Amino acid sequence: MQDESGARAGVLVGWQAKDLGERLALTLQTYDRPTWQEGEPPQQTSVLMTKSQAAVLANYLLRESGAPPVRRPRGWLASLFG
């Protein structure tokens with residue numbers, strides 16, 4: 001489904017990430033209402049991003065979902081003083 005601006009809207013049904021060294025290729029599988037009702041396979045969109053962009057996106061999604069933040073293990077120096 002597209003709005004007047006050409007933006008698509010749908011539901012995410014799957015994803016896959018491929019490690020390309022310093023970058024990731026993220027493939028998203030989505031359905032919109034007409035393709036779901038007609039029994040077509042999901043639409044696939046591939047996005048190339050840096051690993052830094054992937055980390056920012058992951059942190060944003062965790063925060064927006066209300067999930068607790070990922071805790072880093074304490075380093076040896078911090079464990080000496082804590």
Side-chain angles (χ1 to χ4, degrees):
M1 180 165 99
Q2 287 187 342
D3 64 12
E4 300 82 34
S5 69
R8 288 184 14 213
V11 61
L12 179 67
V13 295
W15 63 88
Q16 180 180 11
K18 190 178 287 187
D19 188 344
L20 302 175
E22 293 183 15
R23 298 184 184 274
L24 291 175
L26 178 63
T27 301
L28 304 172
Q29 297 174 333
T30 59
Y31 274 112
D32 59 12
R33 186 175 299 264
T35 57
W36 173 266
Q37 290 175 337
E38 294 170 10
E40 295 179 22
Q43 298 170 340
Q44 293 197 23
T45 304
S46 294
V47 179
L48 184 64
M49 64 179 70
T50 65
K51 288 187 175 180
S52 177
Q53 289 173 314
V56 170
L57 176 60
N59 286 330
Y60 172 78
L61 292 173
L62 283 170
R63 187 173 55 249
E64 289 298 310
S65 70
V70 177
R71 299 193 66 136
R72 291 184 182 173
R74 295 177 58 179
W76 67 270
L77 185 60
S79 65
L80 289 175
F81 296 103

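The structure presented is a predicted model; accordingly, all values stated were derived computationally and were not measured.
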NZ/Lys51: more than 12 non-hydrogen atoms of other groups inside 6.0 Å: yes

The reported gap from CG in Leu48 to CD in Gln53 (rounded to nearest 0.5 angstrom) is 8.5 Å

Between Leu20 and Ala25, which heavy-atom pair has the shortest distance, and what is it? CD1-CB, 3.8 Å

How many angstroms lie between CE in Met49 and CG in Leu26, if you round to the nearest 0.5 Å? 4.5 Å

Validation row: Ser46, Thr27 side chains within 4.5 angstrom (heavy atoms): yes

Are Leu12 and Leu28 side-chain neighbours, meaning at least one heavy-atom pair lies under 4.5 Å? yes

Any donor and acceptor pair, going by atom type alone, linking the side chain of Tyr60 with main-chain N or O of Ala55 inside 3.5 Å? no

same_hphob_cluster(Trp15, Val47) at 4.5 Å side-chain heavy-atom cutoff: yes

Is any side-chain heavy atom of Thr50 less than 4.5 Å from a side-chain heavy atom of Glu22? no

